[in-house]
Structure formats: C-alpha cells, structure tokens
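We're numbering straight along the sequence, starting at 1.
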Amino acid sequence: LPHAQYAETGFAPLIKLEGPQSAVQRMTTVEGQEGAPGVLVSAHRGGQIHMWDLTSGAPTTHINTGHTNALCSIILEGTYLFTGALDGHVKVWDGAGGQLFDQVITNQQNAPSGVTAMLVVSEGESSVLVTACDDKALKMWVLPTFDKRGIIGARVGHSDVVRCLAKGPGNSFFSGGMDGNIMVWEFMS
C-alpha cells in the first residue's frame, strides 16, 4: 500500500524480518519477561525454524529441522518446541535448538502419515498431543512418552484432512477440516 493508504487501515509496517526464501507456514510468539516484547518463532515450508528478537528484529536462533517434506505445524509448550511435517515426523526441540525426540506418526499401513496440525491439550493431570494427519485421522499421544492415546478416524470425524486445531474450554478442543466442518471434541472422564 502507498504510505497515504496506511492511515486508512490504521496499520503501518514497522520492520521486515528477512529469512530463508521458503514460504512461511506458521508463526507463534513467546512473551518476554517484565513486559519485554519477546520472541517471534517462524516455521518455513523448507523445514527451517527462525527465532526473532522482537525488540531489535534480529534473528536469535536458527534450526534446520531435517524434515524431508513440508513443515506444516509448530507449537510451543512450556520450554519445548514441537515441529510436525508431511514427512510424518513430530520432532521435539529444547529452547537452544537441540533435538530431544523424533516420533514417526504412521497410518494403518504402517507408512508415515503427514502431520498437518498439532495441539497439546490437558486430560486431567496429563497432557495429550493431538496430531491431525493427511490420512484424515486425529491421532493422540500421551506426553512426554508418546504412548498412543487413541485415534479418531474419518468414520466418526472429518471426511477430509484437518488443517487446524484450537484449544477449547476445559479439556476440549476444536478441529477444522478441508471438509468445511468445525468439530468440538472433549475427553470423557
């Protein structure tokens, strides 16, 4: 937009963060301490993760995840970063960019199942990682062990791939799919 049009929107660009040439797939922020701006985490289709200091705009950390297909999802949970890609891998990273874990998500034929979205939800005292996969299933894993918690397949869930997940109230979550539906799920006690 020409500068004169910024006034009409109420927004003006402050800075341009330049990273790798691959498309930005996802972003999330980490709040800074005592009101400081914090860090922006960007996930790029080619498998790179960049962390940006929001005060200076300078890159602080770069992670080459080693995913062999498009990186589709990132989530921050506590001090851990989870990356999920169409190669069927969910990888867990520490705050310094060190890889802690690599879990292969598989389909019914035991082949890698591409991960399109992820979410961590609480189930009582434990946490569950929900992975939306390109085989139209939602697969759940108990953290931190990655023990299987369950699968919601297309016959009771979405008829097409789920592309986004969001936390709901209590121990519930939302899933949005390419089938045009949003579904609400809750862990039964």
- Message: Quick check: closest heavy atoms across T65 and K91, and the distance to 0.1 Å?
- Response: O-NZ, 2.8 Å
- Message: Does any part of the side chain of V90, heavy atoms only, come nearer than 4.5 Å to the side chain of L129, both counted from C-beta?
- Response: yes
- Hey, any chance I151 and V142 share a hydrophobic cluster, counting ILVMFWY side chains that come within less than 4.5 Å of each other, even indirectly? no
- Validation row: H62, I49 side chains within 4.5 angstrom (heavy atoms): no
- Quick one: which residue pairs count as a ring pair (Phe, Tyr, Trp, His ring centres under 6.0 Å) with a foot in residues 95-121, not counting sequence neighbours? F101-F146
- Flag side-chain contact, heavy atom, 4.5 Å: C133 against T116: no
- S159 backbone acceptor or donor facing D179 side chain under 3.5 Å: yes
- Short side-chain to backbone donor-acceptor contact, D134 and G114, under 3.5 Å: yes
- side-chain hydrogen bond (donor to acceptor under 3.5 Å, both in side chains) between S42 and W52: does it pass, once the steps are laid out? CA-CA 8 Å; S42 62; W52 310 86; 3.0 Å; yes
- Hydrophobic cluster of V161, others only, ordered by chain and residue number, side-chain cut-off 4.5 Å: M178
- Search all heavy atoms of H89 against all heavy atoms of H67 and return the closest pair with its distance. O-CE1, 3.3 Å
- Message: Is there a side-chain contact (heavy atoms from CB on, under 4.5 Å) between D160 and K136? Walk through the geometry before answering.
- Response: CA-CA 5 Å; D160 206 342; K136 305 175 189 169; 4.3 Å; yes
- Could you please spell out the steps behind the side-chain contact (heavy atoms from CB on, under 4.5 Å) verdict for V120 and I75? CA-CA 8 Å; V120 174; I75 55 173; 3.6 Å; yes
- Task: Answer yes if I63 and Y80 sit in the same cluster of Ile, Leu, Val, Met, Phe, Trp and Tyr residues linked by side chain heavy atoms under 4.5 Å apart, and no otherwise.
- Result: no
- K139 (side chain) donor-acceptor with V115 (main chain) under 3.5 angstrom: no
- Message: Is it the case that the side chain of T68 and the backbone of D87 share a donor-acceptor pair, with hydrogens and angles ignored and the cut-off at 3.5 Å?
- Response: no
- Query: Within the side chain of N171, is there an N or O that forms a donor-acceptor pair under 3.5 Å with the backbone of F187?
  - Reply: yes
- Message: Using 0.5 Å steps for rounding, measure from the CZ atom of R26 to the CZ atom of R45.
- Response: 10.0 Å
- For M140 and I152, what are the C-alpha separation, side-chain angles and deciding distance, and is it a side-chain contact (heavy atoms from CB on, under 4.5 Å)? CA-CA 8 Å; M140 291 162 277; I152 301 171; 3.7 Å; yes
- Side chain proximity check, L119 to K167, heavy atoms < 4.5 angstrom: yes
- Query: Can you tell me how far CD of Q103 sits from OG1 of T145, rounded to the nearest 0.5 angstrom?
  - Reply: 9.0 Å
- Can you establish whether the number of heavy atoms outside L100 located under 6.0 Å from its atom CG is more than 12? yes
- Task: Please lay out, stage by stage, how I74 and V41 fare under the test side-chain contact (heavy atoms from CB on, under 4.5 Å).
- Result: CA-CA 9 Å; I74 61 169; V41 181; 4.0 Å; yes
- Query: According to a 4.5 Å side-chain heavy-atom criterion applied to Ile, Leu, Val, Met, Phe, Trp and Tyr, with indirect links allowed, do V130 and V156 form part of one hydrophobic cluster?
  - Reply: yes
- Please tell me if the side chains of S175 and H158 come closer than 4.5 Å, counting only heavy atoms from C-beta onward. yes
- Message: If you define the side chain from C-beta out and look only at heavy atoms, does anything of L40 sit under 4.5 Å from M27?
- Response: yes
- Note on the structure: Separation between CD (Q99) and CG (D94), nearest 0.5 Å, reads 10.0 Å
- Residue F174 excluded, over 12 heavy atoms near CZ under 6.0 Å: yes
- Task: Side-chain contact test, heavy atoms from C-beta onward, threshold under 4.5 Å: evaluate it for R149 versus L143 and give yes or no.
- Result: no
- Query: What about L76 and V92, same hydrophobic cluster or not, with Ile/Leu/Val/Met/Phe/Trp/Tyr joined at side-chain heavy-atom distances under 4.5 Å?
  - Reply: no
- Is there a chain of hydrophobic side chains (I, L, V, M, F, W, Y, each step under 4.5 Å between heavy atoms) that links L71 to W93? yes
- Would you mind reporting whether M118 and F82 have side-chain heavy atoms less than 4.5 Å apart? yes
- Evaluate the criterion side-chain hydrogen bond (donor to acceptor under 3.5 Å, both in side chains) for residue pair H50 and T61; output intermediate values, then yes/no. CA-CA 6 Å; H50 285 276; T61 305; over 6 Å; no
- Can you tell me if N107 uses its side chain to pair, donor with acceptor, with the backbone of S113 under 3.5 Å? no
